[in-house]
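Remarks on the structure that follows.
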Amino acid sequence: MTETINTSRRQALKFAAGVPLLPLAAGTVGSFLAGLGNNTALAATIRPNTARFVSMAAPTLSNPQAMATTYVNSAIEFELSDKSRKQFPLSYEPFFITGDMVPDGKGGKILAGGYYDINNQPIIDRSVPGKERHFFSDSPDGTSLLKVPGAKVKGVKGNTVFAVVQFEYTTWDQAGKDAYGALPSPIAVLTLDQNPQTGKLSLVKYHNVDTSKVHGLWITCGASLSPWGTHLSSEEYEPDAYFIDSVKYFKAFSKNTFGDENKANPYHYGHLPEVTVHADGTGSIKKHYNMGRISHELVQVMPDNRTVLMGDDATNSGLFLFVADKAKDLSAGTLYVAKYAPGFSLDTNAPGTKITWIKLGHATSAEIEAMANSLKPTDILDVKKEDPNDASYKKVWIGGAANWMKIKPGMEKAAAFLETHRYASYVGGSMAFTKMEGTTVNAKDKVAYSALQNIVDSMVKGGKGHHEESNITLEKALNAGGVMEHKLGGNTADSTGAKINSDWVPQSSKMLLIGEDIKADDLGNLSNPNIVGNPDNLKFSEKLRTLFIGEDSGSHVNNFLWAYNVDTKELSRILSVPAGGESTGLHAVDELNGWTYIMSNFQHVGDWSKSLHAKVQATLDPLVRANYKDRYGAAVGYLTLATTAIKLPHA
């Protein structure tokens, strides 16, 4: 039997010492303890490793408001020693909606998600005369929750904890003109007051990180928390330096950032920024220029504190690996790209496809930064978009198209680290994936996971950018995408015959989960809404044995956050973001001062697609506009228990 626990006043269960708890939502009523007696006795009845997420149905037009907001009707459930089960309902708690004025920690207010130029001055949206206002983002993304030893911030009454939140872009200006990539991405440190009794997090201070020393940030997407407690950001879709005039929004970015559309150097972008949070709630940032200039998404540092597995969110993308020289220090190391054996398949029951690793080079961040400062693209490569019929050029694949290139004498290292996509293709890497997004690790099983938002184009015979030499050759596209798993191990030799200094190297890959393309259903869904579609963010919880999956779906009317138990294979829908929005900011925190959190944001709410939203747009658009600042706002927050908090039992 299953019993849902209703409570009558705010109270946390005091289970076994040292076991994390799920936090208590604001505004809850009731006490779990009422009528249950001694909670120590209750704790003894919960069987270890029995936590499961109870799936919810997708919202429909029978409740349009649920489709137009962050909707949660899921639960977490435990099995007791008498084989009965108890459920705890979940809910969503936002810290703010972008565009809110929030505390700056100095007695004043600051705009959440606000944009600033290289001189830290507000960037003003002047697109509608008479309605000038400070630009703010509708697209919060990568989020890390952490604590800092000795932290002390005025206004905190309980435990001082921090979140780092980055804002990828803004979708439109006030006139409705596309603003993608036109503004430097802000990144903020949130000081949060953690209630020791309930786990509730309250915003005390918002600090905008000064990014001027790293030339500003370009389209920051997914993020992860390093094992040493720093926020590893991303710069997605590195601007094509060789053909930069074709990247129209890069000129707008340069103008908004530097006041000059020709000042921004494309080689300063497409790297991995790292944010360090300080005890006073401020933050500082540096960029690692030696980890490949690729479409960085959500990276994962392995438990050795040295090995970094990186997704690559592009067409003709690859699986990349970086191994640092020293633990907890990414400033020097070796970069590799995967070469797949033939046989990659969408069959989740097929054996894994073997990987070998091509060494691209070793470098320090400082030496590649110096190259970025001084070299022009034509110093490094000679690139043609049409076949020059010259044997000294080699055909490579980038962004769904062929290029023909040759490397200038002595420029191999510069090519490897500043023109990484072209160079990885040049040396034979399997540059054929499409939209390889978030990456995470299941340390116990020594398995990593990577999201493929779409399985199309360069992965499919006859598709844009497809080439047989990659060995990624599928017969049919799958727009709904899927999740890959990589078996990890050591004693791996690279393409030079040298041993890769890591025990966390992917040895083979196979599909773990795949979506299902369908004809449009009654709501307009273009892939099966009851399984994952277009996965993006991935995070793994070791304690819950659960892979969390956030969608960036062009095939689901509402995007969802899913929980997949890797032992039971149960897939549960646990949250729905507002229609037209994307599930972002995922971070599964197993334990923070004894509490467990699942961070979750969304972005670009109400970004309607005719092919997907035609059946719902008329009904939902006014609701979305009313809920989220006329579609210019988006939420930053976390998933929590709706009624109480619990400690997860020990194994």
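Because only heavy atoms are used, hydrogens play no part in the values below, and waters and symmetry mates are left out as well, while side chains stay in.
- Here the shortest heavy-atom pairing between Val165 and Leu190 reads CG2-CD1, 3.8 Å.
- Of the candidates Tyr180, Tyr169, Tyr249, Trp218 forms a ring-ring contact (aromatic ring centres under 6.0 Å, His included) with just one, namely Tyr249.
- Listed for the Ser541 side chain is no donor-acceptor partner under 3.5 Å among the backbone atoms of Asp590.
- Ring-centre distance between Tyr423 and Phe417: not below the 6.0 Å cut-off.
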Using the side-chain contact (heavy atoms from CB on, under 4.5 Å) rule, take Phe95 and Leu192 through it: C-alpha gap first, then chi angles, then the decisive distance, then the call. CA-CA 9 Å; Phe95 299 127; Leu192 304 170; 3.8 Å; yes

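- Although no hydrogens or angles enter the test, the distance criterion places a donor-acceptor pair under 3.5 Å between the side chain of Ser374 and the main chain of Ala370.
- Proximity of Pro184 to Leu217: side-chain heavy atoms (C-beta onward) are nowhere separated by under 4.5 Å.
- Checked by atom type and distance alone, the side chain of Ser254 pairs as donor or acceptor with a backbone atom of Lys263 at under 3.5 Å.
- Between Phe162 atom CZ and Leu592 atom CG the span is 11.0 Å, to the nearest 0.5 Å.
- In this structure the side chain of Thr170 never reaches within 4.5 angstrom of the side chain of Thr98, judged on heavy atoms.
- Distance CD1/Ile549 to CD/Glu437: 13.0 Å, rounded to 0.5 Å.
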Please report the C-alpha distance between Thr439 and Gln300 in whole Å, then the side-chain angles of each, then the deciding distance to 0.1 Å, and finally whether the side-chain hydrogen bond (donor to acceptor under 3.5 Å, both in side chains) criterion is met. CA-CA 6 Å; Thr439 299; Gln300 178 65 53; over 6 Å; no

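- Counting heavy atoms of neighbouring residues, nucleotides and ligands inside a 6.0 Å radius, atom NZ of Lys413 exceeds 12 of them.
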For Ile500 and Val323, what are the C-alpha separation, side-chain angles and deciding distance, and is it a side-chain contact (heavy atoms from CB on, under 4.5 Å)? CA-CA 8 Å; Ile500 299 175; Val323 180; 4.0 Å; yes

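- Looking at every heavy atom in both residues, Asn601 comes nearest to Val636 through OD1-CA, 3.2 Å.
- Contact of the Leu225 side chain with the Val589 side chain is not registered, since no non-hydrogen atoms from C-beta on lie closer than 4.5 Å.
- Not one N or O on the side chain of Asp552 forms a donor-acceptor pair closer than 3.5 Å with the backbone of Asn534.
- Residues Asp312 and His421 meet the side-chain proximity criterion, which asks for heavy atoms closer than 4.5 Å.
- Between the side chain of Asn316 and the main chain of Met431, a donor-acceptor pair closer than 3.5 Å is present.
- No donor-acceptor pair under 3.5 Å is formed between the side chain of Thr434 and the backbone N or O of Thr315.
- Residues satisfying the side chain to side chain contact (heavy atoms under 4.5 Å, CB included) criterion with Thr364, sequence neighbours excluded, are Ala332, Ala366, Glu367.
- When atom types are taken as modelled, the side chain of Glu551 and the backbone of Phe560 share a donor-acceptor pair closer than 3.5 angstrom.
- We find that Lys200 and Glu93 are joined by a salt bridge, their nearest charged nitrogen and carboxylate oxygen being less than 4.0 Å apart.
- Between Pro506 and Trp504, the closest heavy-atom pair is CD-O, 3.7 Å.
- Paired with Lys287 under the rule side chain to side chain donor-acceptor pair (under 3.5 Å), one option of Glu369, His271, His215, Glu235 passes, and it is Glu235.
- The two residues Ser509 and His486 come nearest to each other via the heavy atoms OG-ND1, 2.6 Å.
- At least one side-chain heavy atom of Val447 sits under 4.5 Å from a side-chain heavy atom of Lys487.
- Here the closest heavy-atom approach between residue Asp193 and residue Gly158 is recorded as OD1-N, 2.9 Å.
- Taking CG of Leu418 as the start and CD1 of Ile380 as the end, the distance is 5.0 Å to the nearest 0.5 Å.
- Looking only at side-chain heavy atoms (C-beta outward), Asp240 and Pro266 stay at 4.5 Å or farther from each other.
- Contact annotation: the side chain of Asp536 never approaches that of Leu298 to less than 4.5 Å [non-hydrogen atoms, C-beta and beyond].
- The distance from atom OG of Ser234 to atom CD of Gln166, rounded to the nearest 0.5 Å, is 5.0 Å.
- Distance alone, capped at 3.5 Å, places no donor-acceptor pair between the Thr282 side chain and the His278 backbone.
- Here Asp280 does not pair with Lys205 in a salt bridge; the nearest charged N to carboxylate O distance is not below 4.0 Å.
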One pair to check against side-chain contact (heavy atoms from CB on, under 4.5 Å): Glu297 and Ser295. What are the steps and the verdict? CA-CA 6 Å; Glu297 256 282 349; Ser295 294; over 6 Å; no

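- Taken to the nearest 0.5 Å, the CG atom of Asn256 stands 9.0 Å off from the CG atom of Asp117.
- The only option from Phe540, Phe53, Tyr564 that meets the ring-ring contact (aromatic ring centres under 6.0 Å, His included) definition with Phe548 turns out to be Phe53.
- A donor-acceptor pair is defined here as one N or O able to donate and one able to accept, closer than 3.5 Å; such a pair exists between the side chain of Tyr597 and the backbone of Gly199.
- The minimum heavy-atom distance linking Leu319 with Trp357 is given by the pair O-CZ3, 3.6 Å.
- Counting heavy atoms from C-beta on, the side chains of Leu321 and Met302 never come closer than 4.5 Å.
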Hey, mind stepping through Leu201 and Val161 against side-chain contact (heavy atoms from CB on, under 4.5 Å) and telling me if it holds? CA-CA 9 Å; Leu201 302 174; Val161 299; 3.8 Å; yes

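- With hydrogens and angles disregarded, no donor-acceptor distance shorter than 3.5 Å links the side chain of Ser553 to the backbone of Asn559.
- With values rounded to the nearest 0.5 angstrom, Gln453 atom CD is found 7.0 Å from Glu582 atom CD.
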side-chain hydrogen bond (donor to acceptor under 3.5 Å, both in side chains) between Asn373 and His268, worked out: CA-CA 8 Å; Asn373 291 340; His268 287 155; 2.7 Å; yes

